[in-house]
Amino acid sequence: MLTWSDIPYEIKEFILQRLGFARDILNAGLASKDTCAILTDDVFWQHTIERRFGTNSLPPEDTSAKKTYSTLALRAVQAHSQDLSGAWTTNIQYFQPRSIQHSISNKVLALNSVWWFEVNASFSVPSGRYRPYFRVAYDFHHYTDNFRALNLEHLKFQVQFGEEGSDERSATLTQFDETCSLPRCTWVRLYLPQIVVIPAHAFEEIKCSITDTASTLKRQFCVDVIGLERVFEFEVDGESNRDVVLVKVEEEFHPL
């Protein structure tokens with residue numbers, strides 16, 4: 001009977017590389033001393049980087065290929081509220097850090113009262129396919145029971161990448177119609193259509209933003225995190241879902 005030890009090194013390498021995430025590959029090393037020996041070899045991680053991310057992503061000779069792969073294969077990157085930027089986001093007259101139940105950030109970025117706003121986050125990521133997402137909520141406590149939802153009609157969700165001012169710079173813009181709204185006191189994660197990033201170098205700068213320039217008074221819109229979720233080739237993700245907006249309703253919280 002053929003055992004794992006009998007399988008040629010190249011086939012073992014291919015099988016381990018199909019696991020995708022560094023954590024899963026390392027867990028496979030617990031199966032046998034033979035596998036563990038493969039995973040301690042930096043050459044294996046160099047081959048894995050080259051196969052998954054291309055030769056441009058290979059690290060310098062004095063840098064651990066294993067550590068580099070762990071960074072490249074992150075499942076998601078996200079910016080918490082304290083890492084967000086934009087117009088007046090540090091002015092407590094307009095935005096205020098606030099503790100809200102079930103938030104990922106220690107304190108979320110909450111609107112006090114503004115006529116227009118822009119909140120954005122920037123990321124540096126390797127080539128690949130990504131789905132941008134925004135975790136937001138409508139904190140209801142300043143309003144009467146007549147306001148049961150926040151309409152999203154005027155909100156614009158934009159993703160930009162590529163060199164500034166170049167013809168190759170890409171931008172996607174997502175807007176909701178008048179039927180879309182945020183339920184009160186509930187965290188909602190909005191997933192935008194997938195984007196494909198092919199940087200000229202190892203990493204690409206991506207800017208994700210939320211804006212609302214309609215001349216209407218806005219309050220109590222809360223931003224918890226903005227992020228990019230990695231979509232790997234080996235994952236099952238229906239073609240029909242790639243270009244649509246997904247809305248995931250998460251935890252409810254008590255108004256302050």
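Small disclaimer: the values here were computed from a predicted structure and weren't measured. In this chain, residues are counted from 1 in sequence order.
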Pair Glu251 + Arg135, salt bridge at N-O below 4.0 Å: yes

Fit a plane to each ring of Tyr94 and Trp88, take the angle between them on a 0 to 90° scale, and name the class: parallel (under 30°), tilted (30 to 60°) or perpendicular (over 60°). tilted

Where does the angle between the aromatic ring planes of Tyr133 and Tyr191 fall among parallel (under 30°), tilted (30 to 60°) and perpendicular (over 60°)? tilted

Side chain proximity check, Leu109 to Val119, heavy atoms < 4.5 angstrom: yes

For His102 and Glu250, run side chain to side chain donor-acceptor pair (under 3.5 Å): C-alpha distance rounded to whole Å, both residues' side-chain angles, the deciding distance at 0.1 Å, then the answer. CA-CA 9 Å; His102 307 302; Glu250 300 184 335; over 6 Å; no

Heavy atoms only: give me the nearest [X]-[Y] pair and the separation to one decimal.
| X | Y | value |
| --- | --- | --- |
| Ile25 | Leu39 | O-CD1, 3.0 Å |
| Ala79 | Asp83 | CB-CB, 4.1 Å |
| Phe117 | Phe95 | CB-CZ, 3.8 Å |
| Lys12 | Ile7 | CE-O, 3.0 Å |

Between Thr48 and Gln17, is there a side-chain donor-acceptor contact under 3.5 Å, judged purely by atom types and distance? yes

Can you check whether [Y]'s main-chain N or O pairs, donor with acceptor, with [X]'s side chain at less than 3.5 Å?
| X | Y | result |
| --- | --- | --- |
| Asp41 | Ile38 | no |
| Arg131 | Ile195 | no |
| Ser105 | Ser81 | yes |

Applying side chain to side chain donor-acceptor pair (under 3.5 Å) to Glu118 and Thr211, what does each step give before you reach the verdict? CA-CA 4 Å; Glu118 176 185 350; Thr211 59; over 6 Å; no

I'd like to know whether Ser103 forms a side chain to side chain donor-acceptor pair (under 3.5 Å) with Asp224, so could you lay out the CA-CA distance, the side-chain angles of the two residues, the decisive distance to 0.1 Å, and finally the verdict. CA-CA 6 Å; Ser103 64; Asp224 186 10; 4.6 Å; no

In this structure, is the centre-to-centre distance between the rings of Phe134 and Phe157 below 6.0 Å? yes

